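Computed from a predicted model, the values in this text were never measured in an experiment. Ligands are counted one by one from 1 in listed order, and the atoms in each one are counted from 1 as well. This chain uses plain numbering: 1 for the first residue, then up along the sequence.
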Amino acid sequence: MSPEVRRAAEILKRGGLVAFPTETVYGLGADASSAAAVARLYAVKGRPAEHPVIVHFADAESAFAWAREVPEAARKLAARFWPGPLTLILKRSRLAQDFVTGGQDTVGLRVPSHPVAQQLLKQFKGGIAAPSANRFGLVSPTTAAHVRHDFGDEIDLVLEGGPSEVGIESTIVDLSGDGGVLLRPGAITRQHLEGIIEIQEKTAASPRHAGGLERHYAPKTPARLVPPHELDREIARLKDKVAVLAFSRPDERVDFWLRMPREPQAYAQRLYAALRELDSAGCEGILVEAPPDAPGWAAVRDRLQRACSGS
Ligand code: TXA
Ligand code: MG
């Protein structure tokens, strides 16, 4: 156990805020049993109090103690995907208080696989409430430098863990009703889940969640999704300085161009760092070449649609 991780666990015990790496994105952690710590977390993040937060644990057994019912489907998914980039929504036990569930009768549980997150959770010996370590509505952080850029010294410690391997937030499956509902797509895809349990379509009755807001994960610069066959025409028509995120080779008419991999996992891993880079390029707009409408791209397309909505 590194001295830095031990210090991080002590800070959390005292009600402080510690950002830590996970395999998906960096999280901003607080003691999930402390109303005061979680209140400070929400204040720093700028998050409305009625939005629930995911609680992180070292293993499935400690996670399930926060649920009052653990359906067979939850045990199966946990056995297959934990530790890993999956969050399960279950009916809460008394350990999950209103200040982490946003007053709902359910709780989001996750067991991350990143070795630093694992060490921290083992040392802390409790649930760590952690949203992504970015300001509400903006792009999630995938490096410690992103977190320091967003929060500076407003938080007590940032644990270093290298660039996040997955790069986009965990897949969220709601198992609090009858059957499983996919609330947020991620690296664990619908197809992966359907290999293990039945997944139903999301309905209007599905629980609200922050990731469900239209505009989220968004850069400050207005961004627009463009079908591949229209990219050239859009560029030809440009008057403003724009930044482009595309699969193809840079076009000399464009001031700032980032080329992305044609494979969804590699694309996801680089997505948020790319959006941050495009956002700081000092352009009036961002054009994003739309990825293929294929199952493997569902999570990336979901984040891009949100990043580009309403601007
Ligand atoms: O990969 C991740 O999940 C990252 C890392 C840090 O673990 N965390 C993350 O947290 O993305 P956050 O707060 O940025 O997004 C959590 C999402 C929100 O959309 C929240 O509303 C939803 O999970 N959520 C949490 N608890 C819920 C519940 N009880 N019912 C429905 N949605 C819930
Ligand atoms: Mg977030």
Side-chain angles (χ1 to χ4, degrees), residues 17-30 32 38 41-42 44-57 63 66-68 81-93 96-114 116-118 120-121 127-142 146-147 150 158-159 161 164-177 180-188 202 205-218 268 272 299 302-303 306-307:
L17 302 182
V18 173
F20 61 98
T22 85
E23 68 280 15
T24 58
V25 299
Y26 276 66
L28 181 56
V38 174
L41 172 66
Y42 275 60
V44 165
K45 181 153 164 112
R47 184 178 210 166
E50 70 276 12
H51 284 273
V53 71
I54 296 173
V55 189
H56 298 67
F57 299 89
W66 283 52
R68 69 172 183 274
F81 296 114
W82 277 354
L86 175 71
T87 295
L88 298 178
I89 308 294
L90 298 177
K91 291 198 176 102
R92 67 169 166 178
S93 75
Q97 301 179 66
D98 282 343
F99 54 82
V100 290
T101 71
Q104 301 186 70
D105 193 33
T106 58
V107 62
L109 305 172
R110 172 157 133 74
V111 177
S113 64
H114 193 290
V116 175
Q118 274 288 324
L120 178 64
L121 288 159
I128 300 179
S132 50
N134 55 284
R135 290 201 198 274
F136 186 66
L138 296 181
V139 179
S140 296
T142 53
H146 291 161
V147 181
D150 288 8
V158 182
L159 283 176
S164 297
E165 218 177 292
V166 172
I168 54 174
E169 302 80 355
S170 61
T171 303
I172 303 183
V173 179
D174 181 11
L175 294 170
S176 67
V181 181
L182 178 58
L183 293 185
R184 181 171 73 182
I188 295 172
K202 194 152 80 175
S206 305
R208 64 197 154 83
H209 62 118
L213 294 175
E214 267 290 282
R215 191 172 154 77
H216 205 69
Y217 316 106
Y272 288 147
D302 169 75
R303 302 313 190 277
R306 293 174 200 284

Proximity winner for atom 33 (C) of ligand 1, if only heavy atoms of Gly103, Gly108, Pro52 are counted
Pro52
Polar proximity ligand 1 side, Arg110 side, N/O cut 3.5 Å exclusive
yes
Identity of the nearest option to atom 13 (O) of ligand 1, non-hydrogen atoms only, from His51, Arg47, Arg184, His114:
Arg47
Proximity to ligand 1 by part of Ile172, non-hydrogen separation under 4.0 Å:
side chain
Ile172, Ile128, Thr24 screened by side-chain contact (heavy atoms from CB on, under 4.5 Å) with Arg110, the one that passes
Thr24
Look at Ser132 and state whether any of its N, O or S atoms is less than 2.8 Å from the Mg ion (ligand 2).
yes
Arg92 to ligand 1, any heavy atom closer than 4.0 Å:
no
For the CG atom of Asp150 and the OH atom of Tyr26, what is their distance to the nearest 0.5 Å?
13.0 Å
Does Lys45, backbone or side chain, put an N or O under 3.5 Å from an N or O of ligand 1?
no
Whether Thr101 lies under 4.0 Å from ligand 1, heavy atom
no
Return the option from Ala130, Gly27, Ala187 holding the heavy atom at the smallest distance from atom 8 (N) of ligand 1.
Ala130
I'd like to check whether Glu169 has a polar contact with ligand 1, where a contact means an N/O of the residue lying under 3.5 Å from an N/O of the ligand.
no
If you measure every N/O of Thr24 against every N/O of ligand 1, is any gap under 3.5 Å?
yes
If you count every heavy atom of other residues, nucleotides or ligands that lies below 6.0 Å from Gln118 atom CD, does the total exceed 12?
yes
